[in-house]
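What follows is a single structure, written as structure tokens, with notes after it.
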Amino acid sequence: MGGLEKKKYERGAATNYITRNRARKKLQLSLPDFRRLCILKGIYPHEPKHKKKVNKGSTAPRTFYLLKDIKFLLHEPIVNKFREYKVFVRKLRKAYGKSEWGTAERLKDNKPTYKLDHIVKERYPTFVDALRDLDDALSMCFLFSTFPRTGKCHVQTIQLCRRLAVEFQNYVIASRSLRKVFLSIKGIYYQAEVLGQPITWITPYAFAHDHPTDVDYRVMATFTEFYTTLLGFVNFRLYHSLNLLYPPKIDSQAEDELKPAEGKEYAMDSESYLERLSALSASLARAVAPTHEDEVEVDEFPVEGETAELMDAKKKEQEALEKHKKLFEGLRFFLNREVPREPLAFIIRCFGGQVSWDKSLCIGATYDATDPSITHHIIDRPRLDKQVVGRYYLQPQWVFDSVNAKLCLPMADYFPGVLLPPHLSPFVTEKEGDYVPPEKLKLLALQRGENPEEESEEEEEEEEEEEGDNDKEEEEEEDESEKEEEMKLQKMEEQKMEEQKTQSKVLPVKVTAGKVRLEDKQRLEQEQQSEEKRLAIMMMKKREKYLYKKIMFGKKRKIREANKLAEKRKAHDAALKEQKKKNKKARQA
Amino acid sequence: MAAAEEFLAFNPAGPAGPAAASRRRNRGPRNRKKGWKRWGGPEARLGREIGDFLEDVGLQERAAGGLISEQPNEDLFFLDTGSAPKSQPLKKKKPPQKPPRKPLHVDLVLQPLSKVPPPKNICAYQTPHGRKERRRRQFWEKKAEIGEFPRQERRLRARLARGGCGAPQKPPELGRSDPQRPFYDIWGEHNPLDAPLAGQDPWYLQQTKRLRVQRPPRLQAKPSPLPPVEVIGQGGSYNPPFQDHQELLLRALEVETRRRREEEKVERRLKVTEEPPSQEAVLREQLQGLLEEEEEEEERDEERDEEQNPPRKREQPGRKTEKQRRREKEQREKAGARARARLALQRRQGLFRLCSLRRALRLRDAELRRRRLLRDRQRRLRETAPKRLGRLRYEDAGPEVQLSEELPESLRRLRPEGSVLRDRFKSLQRRNMIEPRERAKFRRRYRVKYVEKRSFRAVTL
């Protein structure tokens, strides 16, 4: 019967966890070193389920790690490097204290360093793993590359971040993989699709730095240290997947266009290459010259369970994607100097447009403001005194909105000095029953190829015509030509729609007999579901029932409010229209 | 050499020069008249004056070739017509000669006393293994004619042939954060990272600890299912739709009010609610114990109260009688039988109400499903919530918001709100990757002592 008495805290949860301090002592590292090691190796603290058991009866809040994780850390060669570094610092301090400059120099030459390559390989065994974790890396690199070089962190780190960020941007341009852009008050959100993986990152606006004091810079620098290594390797691989040279080389053809003497005004020789790359105006050199293959249509093998409809949908999606990628193809943009150059240049180049800016603004300007072939001139000031005939003057939001809408939006809303339509987020998808703002509705209609408010727009245009001067006539002509194009597009799309309709009409004829049953089944299912729901509601406890009712009421209220808002908006719009008309009449009279 | 100057030879040339003799003037004993009368007196003074005069005349004759007073002016003076070319550098002034010092006593004591010279060390004049070495040298000289060299020489020559020994073999490797550092295909087949171990027996590598320990697959999971970059809502657009912006404002308002309410709560707790004691209370406190009579009366009143209402006795439950026990037992049995009968009847009846039973079962199923859903939802919520990883809890920063009047009318006028750096930092905390932490407080080990320097003292008039 007897046996040994079981002692407390010698098995189970208490032995699976280890406190941070004990882990630190086990590794013989100082706390900052330990923290750095954990970040580099991707080992994070745990919250045990039974804290009191783990903490040996005490309830004091502590940081716990899994013991197995710490044991794994013991094998890391970097730990030794950390210790060596500690010794190195001690020796160096001693040498300085004794004013032994020779010794100090020698020590500095033999400064222990470490590399993170093996950790990258270990944490991301495949390339796709690395791609999935690229969001953080990109955000950090873009953030650090905007830091001032004032000693908050190492200047080298900032330079490396800048280089990697520029390289990635150039890759996105070359592969045309940008999908979404969103200008928020915090920064600019981008989403790209790289090898099938959606990658989202945020970049701060230029010159928007107030250094917050509640952020641990050392921790952030450690994360960045790891992420720069990761991003470098990912960049290498991405460039090679596109047959581009790495480190990136500017295409020799493009290089000829840029005069070599030009760079000297902007940067030193050592920096001018990176600067020219970061201007994003030149295309990159390929390892193998691109051979214009005649595009062979890939044979399609229908996967089992995939119907013709699905295949069609896929095909259509592919086509839409291709069209989206070539959104700005053939357009020539010119950026005025008050416009944020880098994001705009990046986006325009991502969708095949050509872009230039004032020569004094940045390196890498390819054509002048007076170039007659410019089609779009992006300005962000209320009015421009001297306007050139033959181009659209637009506010920068047009570019962003067009990218998100996947089509070139009508330009009338974005003329300089015009009150802009709201900038909608492409990351938001409305659920059923949510309030959809009319702007979004309009956009959706435009995407479908309809033009719901043509009449009203025409009216507005008429007004504008009345207001407008003589020099706008050309624009009008262009507008008309554009309208014709739009009409053509519309017709095309209508045809498509009709085709779809005919298809959908044909299909049910074939399977009429089957469908009747299907409907029956569905209805039965529905009935059963509703029955179950009713019963479940009946079985609820009083408290839960109350909660349920509340939730349902909330939902209903939401719908009601959405309806109300829509009505309100309608009334508001109507009032506006009436007032406009009144004004018009008054002016006429 | 410095030592030679510092220390004295053991046998200096002479004990002292003539200078020393003149310094040490033998004046004779002073306690006798003869000693102190020697150079005194008027004759002696006269004699000294004459001596001085004659010496002066001698000096003038030696220096100027006759008495100066008799010399013509041209011989004595010359006209200074500017700086003559420097003929010769001024002779360095020799430092005043130090008197030779005596060697230290300790050194003298340590001198060997013996007159017999020590025996000569023969080994100092011979090379050990001289013959062997000579033979070897001859051997290698012969070999060198053929073209063979000793091992060391061979290695040196090889190193020279490889490309010099002075210059470093290759440029130092660039550090991990050097802006020009190179990258390679780390996920490829032949990468430099795995190259040194490629093609070797894994068992051998493992046993010799050359192989790295594999990362356990449990570490591949992320600590939180939240996305790394959470995109701000539509209300956070730089040019937001009206409704979304209002929603964002409402949310921000809620956060702000909650924060303020909590602050107020703390303030309320800290506030002193007690009023200061009134004069009457102070007086009563001071008179405590002085007014005995009243107290006694009160006590007497209490006593009287107790006499009138004596405390009730607790009622002890009495033991049950035999009869009571029997009756209870019978009742229990009856109740049991009744219940059993009812259950049997119900079961029998159940046959006839299969429909409702099925319904009850379905009800129960639905209930279980609902509970499961609820549990799942709660679990998901718990997963996405930031865990408590240390002393401090995660605190949300609140939504970034711009008021309606702050909203820019164009991109040019936009003033960014919040900081991306803080956003990233908080995101890391929210995803349980780092624990929330306070900045370490700066603590001084010792008190700072302020001293006013005399030369910098502030002058107050």
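Quick caveat, the model's predicted, so the values are computed rather than measured. In what follows, chains are A, B, ... by sequence order, proteins preceding strands, each numbered from 1.
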Report task. Show the numbers, then the answer: is there a salt bridge (Lys or Arg N to Asp or Glu O under 4.0 Å) between A:E532 and B:R370? Result -> CA-CA 10 Å; A:E532 272 173 6; B:R370 195 186 56 78; over 6 Å; no
**Report entry** side-chain contact (heavy atoms from CB on, under 4.5 Å) evaluation trace for B:I186 with A:Y124
**Finding:** CA-CA 10 Å; B:I186 202 170; A:Y124 307 105; over 6 Å; no
Query raised in the report: Between A:F223 and B:I434, is a side-chain contact (heavy atoms from CB on, under 4.5 Å) present by the stated rule, with each step listed?
Result: CA-CA 11 Å; A:F223 271 108; B:I434 47 178; 3.9 Å; yes
Report task. Output, in order, the C-alpha distance, side-chain angles, deciding distance and verdict of side-chain contact (heavy atoms from CB on, under 4.5 Å) for A:K121 and B:R212. Result -> CA-CA 11 Å; A:K121 183 74 188 287; B:R212 291 225 170 81; over 6 Å; no
Requested in this report: List the steps, then state whether salt bridge (Lys or Arg N to Asp or Glu O under 4.0 Å) holds for A:E338 with B:R412.
Outcome: CA-CA 7 Å; A:E338 70 273 8; B:R412 180 169 50 97; 5.7 Å; no
Report task. Please test A:H75 against B:K209 for side-chain contact (heavy atoms from CB on, under 4.5 Å), starting from the C-alpha separation and ending with a verdict. Result -> CA-CA 10 Å; A:H75 295 289; B:K209 300 199 170 171; over 6 Å; no
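Of the atoms belonging to B:L193, it is side-chain heavy atoms, and not backbone ones, that fall under 4.5 Å from chain A. Only the side chain of B:D423 comes within less than 4.5 Å of a heavy atom in chain A; its backbone stays farther off. No part of B:E438 comes within reach of chain A, as not one of its non-hydrogen atoms sits under 4.5 angstrom from that chain. Residue B:R371 does not touch chain A at all, counting heavy-atom pairs closer than 4.5 Å. Residue contact with chain A, scored on non-hydrogen atoms closer than 4.5 Å, involves the backbone and the side chain of B:Y184 alike. Only the side chain of B:Q220 comes within less than 4.5 Å of a heavy atom of chain A; its backbone N, CA, C and O stay farther away. For B:D185, the parts lying under 4.5 angstrom from a heavy atom of chain A are both the backbone and the side chain. Looking at B:Q402, the atoms closer than 4.5 Å to chain A (heavy atoms on both sides) sit in the backbone and in the side chain alike. Interface remark: A:P426 contributes no atoms to any contact with chain B (heavy atom separation under 4.5 Å). Using a 4.5 Å cut-off between heavy atoms, B:R181 contacts chain A through both its backbone and its side chain. Contact of B:E230 with chain A is made through the backbone alone, with heavy-atom distances under 4.5 Å. Only the side chain of A:F427 comes within contact range of chain B, judged by heavy atoms closer than 4.5 Å. B:P240 touches chain A through its backbone: at least one of N, CA, C or O sits under 4.5 Å from a heavy atom, while the side chain does not. Proximity to chain A (any heavy atom under 4.5 Å) is shown, for B:L411, by both the backbone and the side chain. Interface residue A:D69: backbone and side-chain heavy atoms are both found under 4.5 Å from chain B. Contact of B:L428 with chain A is made through the side chain alone, with heavy-atom distances under 4.5 Å.
Interface check for chain A: of the options B:Q214, B:R391, B:Q243, the most heavy-atom pairs under 4.5 Å are formed by B:Q243. The most heavy-atom pairs under 4.5 Å with chain A, out of B:R215, B:E417, B:K222, B:R218, come from B:R215. Among B:G175, B:G390, B:S427, the residue making the largest number of heavy-atom pairs under 4.5 Å with chain A is B:G390. Residue with the most contacts toward chain A among B:L392, B:D244, B:D194, B:D178: B:D178 (heavy-atom pairs, distance under 4.5 Å). Ranked by heavy-atom pairs shorter than 4.5 Å toward chain A, the options B:K426, B:R413, B:R364, B:R369 are led by B:R369. Ranking B:F242, B:F425, B:Y238, B:F183 against chain A, the residue ahead of the rest is B:F183, based on heavy-atom pairs under 4.5 Å.
The structure places CG of A:L116 at 9.5 Å from OG of B:S177, a figure rounded to the nearest 0.5 Å. For the atom pair CD1 of A:I202 and CD1 of B:I232, the computed distance is 8.0 Å after rounding to the nearest 0.5 Å.
In the displayed structure, A:H154 atom NE2 is contacted under 6.0 Å by at most 12 heavy atoms of other residues, nucleotides or ligands. In this structure, B:E409 places its CD atom where more than 12 heavy-atom neighbours from other residues, nucleotides or ligands lie under 6.0 Å away. The environment of B:E189 atom CD is sparse: at most 12 non-hydrogen atoms of other residues, nucleotides or ligands sit within 6.0 angstrom.
In terms of heavy-atom proximity, B:V231 sits nearest to A:F182 at CG1-CD2, 4.1 Å. Closest approach of B:P179 to A:Q159, counting heavy atoms only: CG-OE1, 3.2 Å.
The main-chain N or O of A:L424 is never found under 3.5 Å from a side-chain atom of B:Q234 such that the two would form a donor-acceptor pair. At distances below 3.5 Å, not a single donor-acceptor pair connects side-chain atoms of B:R359 with backbone N or O atoms of A:L535. In this structure, the side chain of B:W187 does not engage the main chain of A:F233 through any donor-acceptor pair within 3.5 Å. Between the side chain of B:N432 and the backbone N or O of A:P45, no donor-acceptor pair lies under 3.5 Å. In this structure a side-chain-to-backbone donor-acceptor pair under 3.5 Å is missing from B:S410 to A:D380.
By the 4.0 Å N-to-carboxylate-O rule, B:R424 lies close enough to A:D136 to be salt-bridged with it.
Contacts between residues 373-388 of chain B and chain A, counted as heavy-atom pairs separated by less than 4.5 Å, involve B:K387, B:R388.
Geometrically, B:R176 engages A:Y114 in a cation-pi contact defined by less than 6.0 Å to the ring centre and at most 45° from the axis.
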